[in-house]
Q: 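What follows is a single structure, and I will ask about it in a moment.
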Amino acid sequence: MIIFVLIIAGLCFFLCTNLLVNNRSLHLISSLFFGLLTTLSVILIIANFNNHFGMHKVTYTKSSVLASNSKDINVLLNQPIGTSGKDKVVIYKTNLNQKKTLNTSTDKTENRILQGETNARLVTKTTKWEYKNDNYKFWFNFAQKPNRYKTVNYFYIPKDWLNLTVKQAQALPKIIEKVKSQMGNSNNPQAMKQAAQSFVQSEVMKGMQQNPKMTAKEKNVLIKQSTAKFEQKAKQQAMAKMLPLIKKQLASVK
């Protein structure tokens, strides 16, 4: 609305200063009034554009679960931008089976990676300039629309996650294989087999205690689930042992 006021006030000021010359009093009063109105409209529009007059900052928060970029090890990727090392694009997933990764924006966006949390999650806080009330919106909405001020992405990841650059991620598979070969003799296959059998038997016994009428089919399903559970647990434990060596190797990748 302020744009229309400016146009009308400017037009009336032009007409009053050029046409109402016969009536000196009316000429002076109308010219002064519409001149002041034009000036005030310009000042308010400039204040709205430069200082967001009539607006205030409103922050919206959105949370989502983070999934690793790799199925073998928990990884969050980032790509540094520029030479300062402060700016970066974070490459992430919200689902382990997600084929296409998501990238953070570089426009008015800050990315912070915070390690040491229990659960991996992304918290996005978007701050926008919005009008304080409907009156301000009525007057200035045509001059300036509500717009985004900035976005801050907080990536909370546990300690056992790796925060890697793209170059480090590319080198990761070879490093894992190298570390595995160095630790190859530390795992006893026979002991692992016995531990797996013991774990599965324990899980089956618990299941049969809860369901004494368990059928052979249900028992086989439980055995498969217990075996997969043990393998996953063993994999996590093995990776936890290798993690310090993997981090040491990754530190040399720039």
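For the numbers below, each heavy atom of this structure counts, side chains included, while hydrogens, waters and symmetry mates do not. In this chain, numbering begins with 1 at the start of the sequence shown.
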Q: In terms of ring plane angle, is the pair Trp129 and His52 parallel, tilted or perpendicular, where the classes change at 30° and 60°?
A: parallel
Q: Keeping Ser198 on the side-chain end and Gln194 on the backbone end, is there a donor-acceptor pair under 3.5 Å?
A: no
Q: Is the backbone of Tyr60 close enough, under 3.5 Å, to the side chain of Thr126 for a donor and an acceptor to pair up by distance?
A: no
Q: So which heavy atom on Asn147 is nearest to which on Gln144, and how close?
A: ND2-OE1, 3.4 Å
Q: State yes or no: are the ring centers of Phe14 and Phe34 separated by less than 6.0 Å?
A: no
Q: Could you check Asn78, Leu102, Val166 and say which one makes a side-chain contact (heavy atoms from CB on, under 4.5 Å) with Ile91?
A: Val166
Q: Group every Ile, Leu, Val, Met, Phe, Trp and Tyr by side-chain heavy-atom contacts under 4.5 Å, then state whether Leu243 and Leu245 land in the same group.
A: yes
Q: Keeping Lys108 on the side-chain end and Arg148 on the backbone end, is there a donor-acceptor pair under 3.5 Å?
A: yes
Q: Is any side-chain heavy atom of Lys213 closer than 4.5 Å to a side-chain heavy atom of Asn211?
A: yes
Q: Which atom pair, heavy atoms only, marks the closest approach of Gln168 to Leu164?
A: OE1-CA, 3.4 Å
Q: Is it true that atom CZ of Phe199 has more than 12 heavy atoms of other residues, nucleotides or ligands lying nearer than 6.0 Å?
A: yes
Q: Looking at every heavy atom in both Leu76 and Phe155, which two are closest together, and how far apart are they?
A: CD2-CB, 3.9 Å
Q: Going only through I, L, V, M, F, W and Y residues with side-chain contacts under 4.5 Å, is there a path from Val221 to Val204?
A: no
Q: Quick one: CG on Asn111 to OG1 on Thr104, what's the gap to the nearest 0.5 Å?
A: 3.5 Å
Q: Is there a side-chain contact between Val58 and His56, using heavy atoms and a 4.5 Å cut-off?
A: yes
Q: Could you tell me whether a side-chain N or O of Asn135 sits under 3.5 Å from a main-chain N or O of Phe138, the two making a donor and an acceptor?
A: no
Q: For the atom pair NZ (Lys93) and OG1 (Thr101), what is the distance rounded to the nearest 0.5 Å?
A: 7.0 Å
Q: What is the minimum heavy-atom distance between Lys229 and Glu203, and which atoms define it?
A: NZ-OE1, 4.0 Å
Q: State whether the number of non-hydrogen atoms from other residues, nucleotides or ligands found under 6.0 Å of Lys219 atom NZ is greater than 12.
A: no
Q: How many angstroms lie between OG in Ser68 and CD1 in Ile157, if you round to the nearest 0.5 Å?
A: 10.0 Å
Q: Where do Met55 and Lys145 come nearest, in terms of heavy atoms and distance?
A: CE-O, 4.2 Å
Q: Quick one: are Leu122 and Val90 in side-chain contact, heavy atoms under 4.5 Å?
A: no
Q: Do Thr109 side-chain atoms and Thr106 backbone N/O form a donor-acceptor pair below 3.5 Å?
A: no
Q: Hey, does the side chain of Glu117 reach the backbone of Pro158 with a donor-acceptor pair shorter than 3.5 angstrom?
A: no
Q: Test side-chain contact (heavy atoms from CB on, under 4.5 Å) on Ile246 and Ile73; report intermediate values, then the result.
A: CA-CA 11 Å; Ile246 292 173; Ile73 188 170; 4.3 Å; yes
Q: Rest of the hydrophobic cluster containing Ile29 (Ile/Leu/Val/Met/Phe/Trp/Tyr, side-chain heavy atoms under 4.5 Å)?
A: none
Q: Quick one, Trp139 with Val5, criterion side-chain contact (heavy atoms from CB on, under 4.5 Å). Give me CA distance, side-chain angles, the key distance, then yes/no.
A: CA-CA 9 Å; Trp139 282 104; Val5 172; 3.6 Å; yes
Q: Roughly how far, to the nearest 0.5 Å, is CG of Asn153 from NZ of Lys88?
A: 11.0 Å
Q: Remaining members of Leu36's ILVMFWY cluster at a side-chain heavy-atom cut-off under 4.5 Å?
A: Leu32
Q: Do Thr151 and Lys62 make a side-chain contact, defined as non-hydrogen atoms from C-beta onward lying under 4.5 Å apart?
A: no
Q: With rounding to the nearest 0.5 angstrom, report the CD to CG distance, Gln210 to Leu222.
A: 9.0 Å
Q: When you group the ILVMFWY residues by side-chain heavy-atom contacts below 4.5 Å and let the links chain together, are Met1 and Leu6 in the same group?
A: yes
Q: Leu172 and Val253: same hydrophobic cluster, using ILVMFWY side-chain contacts below 4.5 Å?
A: yes
Q: Nearest 0.5 Å, what's the CH2-OH distance between Trp161 and Tyr156?
A: 15.0 Å
Q: Indicate the atoms forming the closest heavy-atom contact of Leu96 with Ala67, along with that distance.
A: N-CB, 3.5 Å
Q: Do the side chain of Thr94 and the main chain of Val65 share a donor and acceptor less than 3.5 angstrom apart?
A: no
Q: Inspect the surroundings of CG in Asp134 and state if more than 12 heavy atoms from other residues, nucleotides or ligands are less than 6.0 Å away.
A: no
Q: What about Leu114 and Val75, same hydrophobic cluster or not, with Ile/Leu/Val/Met/Phe/Trp/Tyr joined at side-chain heavy-atom distances under 4.5 Å?
A: no
Q: Whether the side chain of Tyr131 engages the backbone of Phe140 through a donor-acceptor N/O pair (distance < 3.5 Å, no angle test) should be reported.
A: yes
Q: Quick one: does Asn51's side chain have a donor or acceptor within less than 3.5 Å of a partner on Phe53's backbone?
A: no
